[in-house]
Amino acid sequence: MLLLLAAASLDAAAAALRLAGETMGTRYSLSVRNPTLPAAELQAEIDALLEDINDAMSTWRPTSELSRLNQTADTAWIALSPALHEVLTAAATVSAQTAGAFDATVGPVVNLWGFGPQTRVPVPPPADALTAARARVGFRQLQLADAPPRARKTRPDLYVDLSAIAKGYAVDRVAGWLADRGHRDFMVEIGGEIVSRGHAEAGRPWQIGVAWPTPDSTDVERVLSLGDTALATSGDYQRYFEFEGKRYAHEIDPATGRPIEHALAAVTVLHASCMYADAYATGLLVLGPTRGPALARELGLTALFLIRDGTSFRAVTTGELAGEEAD
Ligand code: ADP
Ligand code: MG
């Protein structure tokens, strides 16, 4: 989730309208220069858009389109909204590219570890329950087709969790909506996933500080100047539980059915699409400190990896950030 401090908020003098609210179990914020609507109207429109997106793809809403797909035992083709189809298609693409390190069908295992909509006592699950949940995982078990958009569950108990990609998609949609209304300079953020366009003020780019990956860190590892881009971060230190002195993160490695356990603490991905940045950040985090950067280079992704090194961290960068290492 987020390790990003919106630097615009440090700069009260900036002449941008700032709005904030709640969505998707987290907070959103946006800064818009020269808003073309009154603030209250702008916020109402954005809240309505976010509600629509939650109604399509939230697993926390039992009546959402995705929850209905999860609940049905029907293995025939089922019609999808274009929005849900778009996100499921991107999820399938990133699943294939990351060899299943990102996999939205890992939901039953996520839920078993206590990170899903049903809150439960956070203890490691029994082995037999884990084996049963893992049998339900595999992104190829959801078939997708378009014209018209549709999906087919190849097993009745397939369960899809879009928590690792839906926030990025929502940020893209809010950014698209703002651009359609004539805005040129803005930054939109939901739970640390960001899209920026234009400038914070004349001649000065939007900037964000990437914090070191500790739960209470406010130390900035580096400041990134953003042009027209999207950026998303996944880390193992924001949502986790502790049991018998051991920490369990909310990113599950589909290959093991267990929370990730390696030295890679956080991944930030820059991409034209926030939806893809979000999914890649999760996939690369799951892949770990060696395979994550290797795949990022192979795919030509721009990413920042923060890796635990004894009591401190080291940074590894790829793509357009490559060579910017401090050490
Ligand atoms: P955040 O939601 O903090 O930004 P992520 O984008 O990494 O973090 O998403 C983590 C969430 O995605 C988990 O809470 C879980 O619901 C789901 N998830 C966990 N592991 C995976 C995985 N390997 N692939 C896809 N989704 C996952
Ligand atoms: Mg993600």
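Numbering of ligands and ligand atoms starts at 1, following listing order.
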Notebook entry, point to check: Judged by modelled atom types alone, do Thr36 and His183 share a side-chain donor-acceptor pair under 3.5 Å?
Noted result: yes
Note: heavy atom closest to atom 19 (C) of ligand 1, options Lys167, His250, Met24, belongs to His250
Heavy-atom proximity to atom 7 (O) of ligand 1, picking from Ser234, Ala266, Ala277, points to Ser234
Counting heavy atoms under 4.0 Å, the part of Pro254 that contacts ligand 1 is side chain
Hey, is Glu201 close enough to Arg204 for a salt bridge, meaning N to O under 4.0 Å? yes
Logged contact type for Val110 with ligand 1, heavy-atom cut-off 4.0 Å, is side chain
Check your understanding: Should Glu261 and Lys246 count as an ion pair when the cut-off is N to O under 4.0 Å?
Key -> yes
query: With a 4.0 Å cut-off, would you call Asp157 and Arg136 a salt bridge?
result: yes
| task | State whether Ala232 contributes an N/O/S atom found under 2.8 Å from the Mg ion (ligand 2). | result | no
Near Thr282 (heavy-atom distance under 4.0 Å), the atoms of ligand 1 are 5 (P), 6 (O), 7 (O), 9 (O)
Fill in: Ser31 versus Arg18, side-chain donor and acceptor atoms under 3.5 Å
yes
*asked:* Under a plain distance cut-off of 3.5 Å, with no hydrogens placed, do Thr282 and Ser234 share a side-chain donor-acceptor pair?
replied: yes
If you compare Ile252, Thr59, Val160 by their heavy atoms, the one closest to atom 22 (C) of ligand 1 turns out to be Ile252
Q.
I'd like to know whether ligand 1 has Ala279 as a neighbour, heavy-atom separation below 4.0 Å.
A. no
Among Ala249, Gly116, Ala164, the residue with a heavy atom nearest to atom 26 (N) of ligand 1 is Ala164
Within 4.0 Å of some non-hydrogen atom of Asp161, the atoms of ligand 1 are 15 (C), 16 (O), 17 (C)
**Asked** For Ala104 and ligand 1, does the shortest N/O to N/O distance drop below 3.5 Å?
**Response** no
Numbered in order shown, the ligand 1 atoms found under 4.0 Å of a heavy atom of Val286 are 23 (N)
Between Asp278 atom O and Thr282 atom OG1, the angle centred on the Mg ion (ligand 2) rounds (to 10°) to 90°
Q. Is the closest basic N to carboxylate O distance between Arg61 and Glu51 below 4.0 Å?
A. yes
Closest heavy-atom pair, Leu226 versus Ser196, reported as atoms and distance to 0.1 Å, is CB-OG, 3.2 Å
Scanning both residues in full, the closest heavy-atom pair of Leu158 with Gly138 reads CD1-O, 4.3 Å
Numbered in order shown, the ligand 1 atoms found under 4.0 Å of a heavy atom of Glu193 are 4 (O)
For Asp278, the ligand 1 atoms with a heavy-atom partner under 4.0 Å come out as 6 (O)
* Asked: Distance under 6.0 Å and angle within 45° of the ring axis: does Arg247 meet both against Tyr240?
  -> yes
